[in-house]
2 protein chains.
Amino acid sequence: MENKNTLRLPDVFAALGDPVRFALVERLLAEPEMAAGDLGAGFGISAPAISRHLAVLHRAGLVTRRADRQRRLYAIAPEAMRQVAAWTLSHREFLQGSVARLDALMAHEERDDD
Amino acid sequence: MENKNTLRLPDVFAALGDPVRFALVERLLAEPEMAAGDLGAGFGISAPAISRHLAVLHRAGLVTRRADRQRRLYAIAPEAMRQVAAWTLSHREFLQGSVARLDALMAHEERDDD
DNA sequence: TTCTTATTTTCCATTACTGTTAATTAACAC
DNA sequence: GTGTTAATTAACAGTAATGGAAAATAAGAA
């Protein structure tokens, strides 16, 4: 039985804790795969800075990386998202309700970035 | 209609991103309410350090604080947990399945800290 | 008032993080 | 080979985070 628990949740949270990295993750959640260059566009920070942010996300296990010609394509690692979800839901007594209620909350939530 | 979206997710994640704070939150998820002193016991760091960590969690909206005699009692703020859950679940295409499947994952997950 | 307990704030040192520019690696086009 | 594009690594500066010791605040007991 393989171990899915290889990533440390605090590291994942720390990775998501930076606003730039959070935005990068949100981009990747919308588009299934993106090159580092495209991912970094529009942030007003240099390519090296983006590269290092992506490295942090990669080390935390949040994204995967693969080479396509000279580009590096990044994608969300579903395992990590699942682990975050699992952690949150494992304490759902504190959510004062069921997952169904969470669904409702999600439904009437407004989007910030469309 | 009051606004529940007062807390910024990156700040919440950043707060959870420190291993000490993450452990403090897990303690609070197990015990509904704890005094700062009890919360900090066993971490090998000073009371002032714990106090500051709790302040970070409080500023991020993750915990509430109330006074009981000379003690300060901390508790999880369910709103914050709900928002984290909502964010994660709002991207559930990446979870390659339904919430039901997440439930299954949760069920066969082993505990690290009992 | 003085003493004790619980917690926070102030001050200071050290470490870690983020960003920049410049240099480097890598893959492709010519 | 030279030149171009894409991305990372190196070197460095500025800022923020973390921790400790000591002082300060607050509540309660004697």
Quick one: are [X] and [Y] in side-chain contact, heavy atoms under 4.5 Å?
X	Y	answer
Val12(B)	Gln83(B)	no
Glu26(B)	Trp87(A)	yes
Asp68(B)	Glu33(B)	no
Arg8(B)	Phe22(A)	no

key: Interface residues of residues 67-75 of chain B with DNA chain C (non-hydrogen, below 4.0 angstrom)   =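 Nucleic-acid contacts, sorted: Gln70(B), Arg71(B), Arg72(B), Tyr74(B).
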
request  = Consider only side-chain heavy atoms of I, L, V, M, F, W and Y, link residues closer than 4.5 Å, and tell whether Phe13(B) and Leu7(A) are in one cluster.
outcome  =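 Yes: a chain of side-chain contacts under 4.5 Å links Phe13(B) to Leu7(A).
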
Please name the pair of heavy atoms, one in [X] and one in [Y], separated by the smallest distance, quoted to 0.1 Å.
X	Y	answer
Pro78(A)	Ile76(A)	CD-O, 3.3 Å
Leu29(A)	His91(B)	CD1-CD2, 3.3 Å
Ala60(B)	Asp11(B)	CB-O, 3.8 Å

query = Base, sugar-phosphate, or nothing for Ala35(B), non-hydrogen atoms under 4.0 angstrom?
reply =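 If one applies the 4.0 Å heavy-atom cut-off, Ala35(B) turns out to touch the sugar-phosphate alone, with no base involved.
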
Dump every N/O contact between nucleotides 15-18 of chain D and the protein below 3.5 Å, one line per pair.
from    : atom 1 : to       : atom 2 : distance (Å)
dT18(D) : OP1    : Asp18(B) : OD2    : 3.3
dT18(D) : OP1    : Arg21(B) : NH2    : 3.4
dT18(D) : OP2    : Arg21(B) : NH1    : 3.2

request  = Starting at atom CZ of Arg65(A), determine the distance to atom P of dA6(D), rounded to an integer number of angstrom.
outcome  =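 Atom-to-atom, Arg65(A) to dA6(D), this comes out as 18 Å.
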
task = Provide, to the nearest angstrom, the distance between the CZ atom belonging to Arg66(A) and the P atom belonging to dA26(C).
result =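 Distance check: Arg66(A) CZ to dA26(C) P gives 19 Å.
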
Spacing of CG belonging to Leu16(B) relative to CE belonging to Met81(B), to within rounding of 0.5 Å =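 Nearest 0.5 Å value for the CG-CE distance: 7.5 Å.
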
message = Which residues in residues 37-51 of chain B have a heavy atom closer than 4.0 Å to any atom of DNA chain D?
response =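 Residues of residues 37-51 of chain B under 4.0 Å from DNA chain D: Gly44(B), Ile45(B), Ser46(B), Pro48(B), Ala49(B).
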
ask   = Would you say Arg72(B)'s side chain and Ala36(B)'s backbone share a donor-acceptor pair under 3.5 angstrom?
value =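 Flag not set: sc Arg72(B) to bb Ala36(B) has no pair under 3.5 Å.
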
